[in-house]
Amino acid sequence: MELRSLNLNLLIHLDALLSHRSVSGAADELAVSQPSMSAALARLRRHFGDELLRRRGSRYELTALAEDLRPAVAGVIVGLEGVFVHRTAFAPATSRREFRLLASDFWLETMGPALSRLVSEAAPLAAVRFEIPRGWEPREPLEGLRNVDGMLAPHGVLSGPPHLDLLRTEWRCVTSRDNPKVGEAADPAVLAALPWVVYADRFSATADAGMSIVMRQLRYAGIAPRAVATVATFSVVPAFIEGTDRVALVHRSLAERARHLYGLRVFAPPFPVGEVVQAFWWHPHLAHDRGHRWLRAMLRRAAVRVAADVPGFDLAESMAPGRPYTEGSA
């Protein structure tokens, strides 16, 4: 069958169906009726000679052919958008574009103000909408990035999509300054026996708190903490430590900021932990979007400001002065 005999609009429908694995979800994304999407699915089934979506109980799953088609279809969509959509000029001075970014409370507080000010200075008619991720599925990162401009998240929370490393920081343990159970030389065994306050980055309703970025660090160090409080907001962790015998693992910048506010003792973990590298992640279809490239430049400038103004942060290695600018790829 020749390409010119095909309705290429079906490619858009196929991409949405493979992404959402449901007729209703695909219809919502493309703003068409469910009967219209069902008709498109029927045509696609006839073309491929395959069900593509197979019902399992109350849900649909992709057939083997559909799973094979997903990366190919996504690649074609990226190529088409690069040709027809994202080659248009972007004029910051007159653009009314609203950029939509996902971020946890901590990274919103860290990066949001600097980025917002920079965008307003350079593009006074543009705007940035910051949102806390809801219903996020870490195993399918591209799906969560399809309808936004990107997400601010450290490595370990997200992996796979294109990204720009921005900032780095370290982990610090915090406990109450008058906690008699923690001596001058913190003992890993003593810390392991204490009650813990744990941040769980539960962006997904199905996420396991035990797989949060903090819990992974602790388990990597051989510590199975007894969590007496699990919180979904990273910035409030120090408040749960004040005046107790509890301990927590937080970023150095948050620890230093909360040290005097909550009367905390801050110390380097007496066990191995990795570095925290904060990055901006986006869907591959935005790779050639000129407005998005401008946004990434604003994020780089915001990171420079944060590293200069906020104790506990340094520029990511790829952002260091004198190094060539690089972006991670999928």
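In this text the structure is predicted, and so the values were computed from the model without any measurement. FYI, the numbering just counts along the sequence from 1.
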(request) May I ask you to check if R265 and F267 form a cation-pi contact, with NZ or CZ under 6.0 angstrom from the six-membered ring centre and within 45° of the axis? (result) yes

(request) For residues A248 and V197, report the shortest heavy-atom separation together with the two atoms involved. (result) CB-O, 3.4 Å

(message) Do L115 and L299 have side chains that approach each other closer than 4.5 Å (heavy atoms only, starting at C-beta)?
(response) yes

(message) Looking at F90, I'd like to know if the NZ or CZ of R290 sits under 6.0 Å from its six-membered ring centre while staying within 45 degrees of the ring's axis.
(response) no

(message) Surrounding CZ of F240 (heavy atoms of other residues, nucleotides or ligands, distance under 6.0 Å), is the total greater than 12?
(response) no

(request) Classify the side-chain pair Y60/R55 by whether it contains a donor and acceptor separated by less than 3.5 Å. (result) yes

(request) Report yes or no: does N179 contribute a side-chain atom to a donor-acceptor pair with the main-chain N or O of D245 at less than 3.5 Å? (result) yes

(request) Return the minimal non-hydrogen interatomic distance between A153 and Q278, and the atom names on each side. (result) C-OE1, 3.0 Å

(request) Find out if a path of hydrophobic residues (ILVMFWY) with successive side-chain heavy-atom gaps under 4.5 Å connects V247 to V228. (result) no

(message) Please check if the number of heavy atoms outside R129 that lie under 6.0 Å from its CZ is greater than 12.
(response) no

(message) Can a side-chain donor-acceptor contact be found between T233 and D105 if the only test is distance below 3.5 angstrom?
(response) no

(request) Could you tell me how the ring of F313 sits relative to the ring of W107: parallel (under 30°), tilted (30 to 60°) or perpendicular (over 60°)? (result) tilted

(message) With a 4.0 Å cut-off on N to O distance, would you call K181 and D187 a salt bridge?
(response) no

(request) Indicate yes or no: does R97 engage D149 in a salt bridge with an N to O separation below 4.0 Å. (result) yes

(request) Search all heavy atoms of H13 against all heavy atoms of A40 and return the closest pair with its distance. (result) CD2-CB, 3.6 Å

(message) Between R100 and E131, does any side-chain N to carboxylate O distance fall below 4.0 Å?
(response) yes

(request) Could you tell me whether a side-chain N or O of R305 sits under 3.5 Å from a main-chain N or O of A114, the two making a donor and an acceptor? (result) no

(message) Do L18 and L69 have side chains that approach each other closer than 4.5 Å (heavy atoms only, starting at C-beta)?
(response) yes

(message) Tell me if the centroids of the rings in H251 and F106 come within less than 6.0 Å of each other.
(response) yes

(request) For this output row, return yes or no: ring centroids of W282 and H292 closer than 6.0 angstrom. (result) yes

(request) For the pair E98 (side chain) and A126 (backbone), establish whether a donor and an acceptor sit closer than 3.5 Å, ignoring hydrogens and angles. (result) no

(request) Could you check V214 against F234 for side-chain contact (heavy atoms from CB on, under 4.5 Å), going step by step and ending with a plain yes or no? (result) CA-CA 10 Å; V214 172; F234 196 78; 4.3 Å; yes

(message) To check you understand the geometry: which heavy-atom pair defines the closest contact between L249 and W196, and what is its length?
(response) N-CZ3, 3.8 Å

(request) Report, as yes or no, whether the 6.0 Å neighbourhood of atom CZ on R45 holds more than 12 heavy atoms from other residues, nucleotides or ligands. (result) yes

(message) To check you understand the geometry: which heavy-atom pair defines the closest contact between D165 and H155, and what is its length?
(response) OD1-NE2, 2.6 Å

(message) Quick check: closest heavy atoms across A232 and Y199, and the distance to 0.1 Å?
(response) O-CE1, 3.4 Å

(request) Check whether any side-chain heavy atom of P225 lies under 4.5 Å from a side-chain heavy atom of M215, and answer yes or no. (result) yes

(request) State, yes or no, whether a side-chain contact exists between E242 and V174 at a heavy-atom distance under 4.5 Å. (result) no

